[in-house]
**Q** 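First the structure, then my questions, so here it is.
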Amino acid sequence: MNERTIAFVHTQFPCGGAERVTLDIGRYLHGRGYRVMALCREHLAEAMPEDSPVEVRILRHKLNRPAPADELV
């Protein structure tokens, strides 16, 4: 069985209300078997909860342009 993955896109992560929602939804979905990712240009590691199941991937490309698919996994 393939693991289901969901990704959220943010410019900075985590830094505000929308990112807090991503963390909350991520924890919920992870508990139901999803792999949860946050794709961002800038990761604020010091603001990341230690027990968060959300995987962070830093994108090298601008978010308003298509990124190569291999960068997203």
Side-chain angles (χ1 to χ4, degrees):
M1 178 183 209
N2 290 339
E3 183 178 38
R4 298 171 293 178
T5 301
I6 187 164
F8 297 88
V9 179
H10 296 281
T11 301
Q12 292 181 321
F13 186 79
C15 69
E19 294 78 10
R20 179 74 243 172
V21 172
T22 294
L23 290 168
D24 292 344
I25 292 172
R27 185 178 317 283
Y28 174 84
L29 292 173
H30 179 76
R32 277 138 189 87
Y34 283 82
R35 176 182 178 208
V36 182
M37 300 172 65
L39 309 175
C40 62
R41 293 278 294 154
E42 184 179 354
H43 180 219
L44 306 173
E46 66 279 358
M48 190 76 174
E50 288 184 28
D51 63 341
S52 175
V54 177
E55 299 175 37
V56 176
R57 296 281 189 267
I58 298 173
L59 299 175
R60 296 177 303 231
H61 298 83
K62 292 184 179 181
L63 296 177
N64 62 350
R65 297 180 183 239
D70 62 344
E71 184 177 342
L72 302 179
V73 290

**Q** Does S52 have any side-chain contact (heavy atoms from CB on, under 4.5 Å) partners at least two apart in sequence or in another chain, and if so, which?
**A** L23, M48, P49, V54
**Q** Please identify each residue that fulfils side-chain contact (heavy atoms from CB on, under 4.5 Å) with A18, with sequence neighbours left out.
**A** H10
**Q** Compare all side-chain heavy atoms of R35 with those of R4 and state whether any distance is below 4.5 angstrom.
**A** no
**Q** Which residue pairs satisfy the side-chain hydrogen bond (donor to acceptor under 3.5 Å, both in side chains) criterion with at least one member in residues 42-51, sequence neighbours excluded?
**A** Q12-E42
**Q** Under the 3.5 angstrom rule, does the side chain of R41 hit a backbone N or O of L59 as a donor-acceptor pair?
**A** yes
**Q** Rounded to the nearest 0.5 Å, how far apart are CD1 of I6 and OG1 of T22?
**A** 9.5 Å
**Q** Using every non-hydrogen atom in the two residues, find where G33 and E3 come nearest and quote the distance to one decimal.
**A** O-CG, 4.2 Å
**Q** Quick one: side chain to side chain donor-acceptor pair (under 3.5 Å) partners of R27, sequence neighbours excluded?
**A** none
**Q** Can T11 and C40 be said to form a side chain to side chain contact (heavy atoms under 4.5 Å, CB included), step by step?
**A** CA-CA 5 Å; T11 301; C40 62; over 6 Å; no
**Q** When rounded to the nearest 0.5 angstrom, what is the spacing between CG in L39 and CZ in F13?
**A** 10.0 Å
**Q** Going hydrophobic residue to hydrophobic residue with side-chain gaps under 4.5 angstrom, can you get from F8 over to Y28?
**A** yes
**Q** Verify the cluster assignment for Y34 and V21: are they in a single hydrophobic cluster under the rule of side-chain heavy atoms below 4.5 Å apart?
**A** yes
